[in-house]
**Q** 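Here you go, one structure.
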Protein chains: 2
Amino acid sequence: MAGRPGQGEDGTRARILDVAERLVQTRGFNAFSYADVAAELRLTKPALHYHFAGKGELGEALVARYVARFTEALHRIDRSDGDGQRKLEGYAALYAHVVAEDRMCLCGMLAAEYHTLPVPMRDSVLRFFDQNEDWLEGVLAQGAQEGSLRFSGTPLEAARLILASLEGALLVARSFEDPARFESAAAGLLAGLTETEPSD
Amino acid sequence: MAGRPGQGEDGTRARILDVAERLVQTRGFNAFSYADVAAELRLTKPALHYHFAGKGELGEALVARYVARFTEALHRIDRSDGDGQRKLEGYAALYAHVVAEDRMCLCGMLAAEYHTLPVPMRDSVLRFFDQNEDWLEGVLAQGAQEGSLRFSGTPLEAARLILASLEGALLVARSFEDPARFESAAAGLLAGLTETEPSD
DNA sequence: GTCTATAACGAGATAGAC
DNA sequence: GTCTATCTCGTTATAGAC
């Protein structure tokens, strides 16, 4: 599946995923076609079918790679070893990179199209959200303990609100083609979690 | 355009909009067809073309009606004459009704598909968001003045964060087919805006 | 206002050559 | 691993009868 030869990742396969990923993040899974990807790579549709049996399989590979990259990014933040607040800032920055490229989060886009997706893709999308919530829950628990973060409810509830808010902020900001809208929403969200109560 | 006859709203036209609206809110604008709507209403595709020249025109009518209904709902909340906090609760309840029907907000769904939409639909989606933000801004300013709401940044910034958070909460909750996820996120969001600082 | 019939196109997919 | 050629189906849309 990965790079059997010498290097890493078969070249064509990775380039197909790169183009398809951008198309899905900007137009949606139902609004891109094998023909779009083939044309951009100067290939033909059957060449794509050689690498990915069908659109469903391509979609599954797309989400799998996206989740793997996100997981890596979360591990990088963990290793950076900041306090909860800094980790949350790092997390929001991941989304900022997405909107900077005029894209929606891959799984946020697929969430909108959820009811039209092949079941394996649906499952992967839910796992993506679960994984993000788990990670955020840990960061929030850490932040609460340290005193770097304050929130109402349980860490899991706060984690879910953060995930939803960032996905929604991406969705709206991208429509206005205004990354600043995302930045502002992310900043406001963080501010609400770091308010120090008036020290008496 | 409206109900020229005796009653209100031509029957077929309204029924087409009803079915199309549900399909767009659940599957997306790019994942429903005239054939879907026609079959459900036991009509033929040309009958639909009689009422709406093309898919674009149907989409425009869909958003126009949705925006009009939302505007009415906001006016109802205004007339209810509660404080800022209660108005926000009423606002969140509008979204809760949507997720209870396993739907996405129409304009949230269209925001995901934004780059594939006919331009008139794009404009209407942005106007929907603008209108919501304007209304929320007013409610937040009122709440801040009364002391029923607290937030960081300007009322407009807070309004944008609320809109994004609720849209995102819809998006995620609907994927899990779990309205409780939305309710929890909405409650957490409200809680963050009504925290009373430790009274001394 | 709704129908039958059909055009014109693009989508996803396969067979089989090279 | 990529191609040409082709198939089948669904989609949007129109012409013209009733």
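Chain letters run A, B, ... following the sequence lines, proteins first and then strands; every chain starts at 1. Side chains included, hydrogens not; waters and symmetry mates left out as well; all remaining heavy atoms used.
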**Q** Between P on D:dC3 and OH on A:Tyr34, what's the gap in Å once rounded to a whole number?
**A**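 Taking atom P of D:dC3 as the reference, OH of A:Tyr34 is at 14 Å.
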**Q** Does A:Asp36 have any salt bridge (charged side-chain N to carboxylate O under 4.0 Å, His left out) partners at least two apart in sequence or in another chain, and if so, which?
**A**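 Scan of A:Asp36 (salt bridge (charged side-chain N to carboxylate O under 4.0 Å, His left out), adjacent residues dropped) gives none.
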**Q** I'd like a table of donor-acceptor pairs (distance under 3.5 Å, sequence neighbours excluded) in which one partner is a side-chain atom from residues 160-172 of chain B, with atom names and distances.
**A**
unit_1   : atom_1 : unit_2   : atom_2 : d
B:Arg160 : NE     : B:Glu133 : OE1    : 3.3
B:Ser165 : OG     : A:Ser165 : OG     : 2.7
B:Ser165 : OG     : B:Leu161 : O      : 2.7

**Q** In whole Å, what is the span from the CD1 atom of A:Ile16 to the P atom of D:dT2?
**A** 7 Å
**Q** Think A:Thr12 has a side-chain N or O under 4.0 angstrom from the OP1 or OP2 of D:dT2?
**A**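 Yes, within the criterion.
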**Q** Go through residues 41-52 of chain A and report each residue with a non-hydrogen atom lying under 4.0 Å from DNA chain D, sorted by number.
**A** A:Arg42, A:Leu43, A:Thr44, A:Pro46, A:Ala47, A:Tyr50, A:His51
**Q** Measure the CZ-NE2 distance between B:Phe182 and B:His97 for me, rounded to the nearest 0.5 Å.
**A**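 So the CZ of B:Phe182 and the NE2 of B:His97 are separated by 10.5 Å.
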**Q** Is there a side-chain contact (heavy atoms from CB on, under 4.5 Å) between A:Thr12 and A:Leu43? Walk through the geometry before answering.
**A** CA-CA 10 Å; A:Thr12 302; A:Leu43 288 173; 4.0 Å; yes
**Q** For B:Tyr95, enumerate each residue passing the side-chain hydrogen bond (donor to acceptor under 3.5 Å, both in side chains) test, keeping only those at least two apart in sequence or located in another chain.
**A**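 Per chain and number, B:Tyr95 pairs via side-chain hydrogen bond (donor to acceptor under 3.5 Å, both in side chains) with B:Tyr91.
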**Q** Filter on side-chain hydrogen bond (donor to acceptor under 3.5 Å, both in side chains), then keep only pairs touching residues 43-63 of chain A, sequence neighbours left out; what's left?
**A**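 Sorted pair list comes back empty.
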**Q** With sequence neighbours left out, write down each residue that passes salt bridge (charged side-chain N to carboxylate O under 4.0 Å, His left out) with B:Asp18, or none if nothing qualifies.
**A**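 Applying salt bridge (charged side-chain N to carboxylate O under 4.0 Å, His left out) to B:Asp18 gives B:Arg65.
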**Q** Can you check the A:Glu57 CD to C:dA13 C1' distance for me, whole Å?
**A**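 So the two atoms are 11 Å apart, to the nearest Å.
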**Q** Show me the pairs that pass side-chain hydrogen bond (donor to acceptor under 3.5 Å, both in side chains) and involve residues 99-127 of chain A, at least two apart or across chains.
**A** A:Gln25-A:Arg103, A:Asn30-A:Glu113, A:Asn30-A:Thr116, A:Ser124-A:Arg127
**Q** Please enumerate all residues that pass salt bridge (charged side-chain N to carboxylate O under 4.0 Å, His left out) together with B:Asp134, with sequence neighbours excluded.
**A** none
**Q** What integer distance in Å separates A:Leu23:CG from C:dA11:C1'?
**A**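 After rounding, the reported distance stands at 15 Å.
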**Q** Tell me the interatomic distance from B:Lys55, atom NZ, to C:dC9, atom C1', rounded to whole angstroms.
**A**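 Distance check: B:Lys55 NZ to C:dC9 C1' gives 15 Å.
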**Q** Is there a residue in residues 113-125 of chain A whose heavy atoms reach under 4.0 Å of DNA chain D, and which residues are they?
**A** none
**Q** Atom CG of B:Leu58 and atom P of D:dA13: how far apart are they, to the nearest Å?
**A** 10 Å
**Q** For B:Glu40, enumerate each residue passing the salt bridge (charged side-chain N to carboxylate O under 4.0 Å, His left out) test, keeping only those at least two apart in sequence or located in another chain.
**A**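 By the salt bridge (charged side-chain N to carboxylate O under 4.0 Å, His left out) rule, B:Glu40 matches B:Arg22.
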**Q** Please tabulate, for the side chains in residues 68-77 of chain A, all donor-acceptor contacts under 3.5 angstrom to protein atoms that are two or more places apart in sequence or on a different chain.
**A**
unit_1  : atom_1 : unit_2   : atom_2 : d
A:Thr71 : OG1    : A:Val67  : O      : 2.7
A:Thr71 : OG1    : A:Gln131 : NE2    : 2.5

**Q** Using a cut-off of less than 4.0 Å, is there contact between a side-chain N or O of B:Ser33 and OP1 or OP2 of D:dT11?
**A**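 It does, given that an N or O in the side chain of B:Ser33 lies less than 4.0 Å from OP1 or OP2 of D:dT11.
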**Q** Using the C1' atoms of the five pairs at each end, what is the angle between the end axes of the helix from C:dG1-D:dC18 to C:dC18-D:dG1, to 10°?
**A**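 The angle, to the nearest 10 degrees, is 10°.
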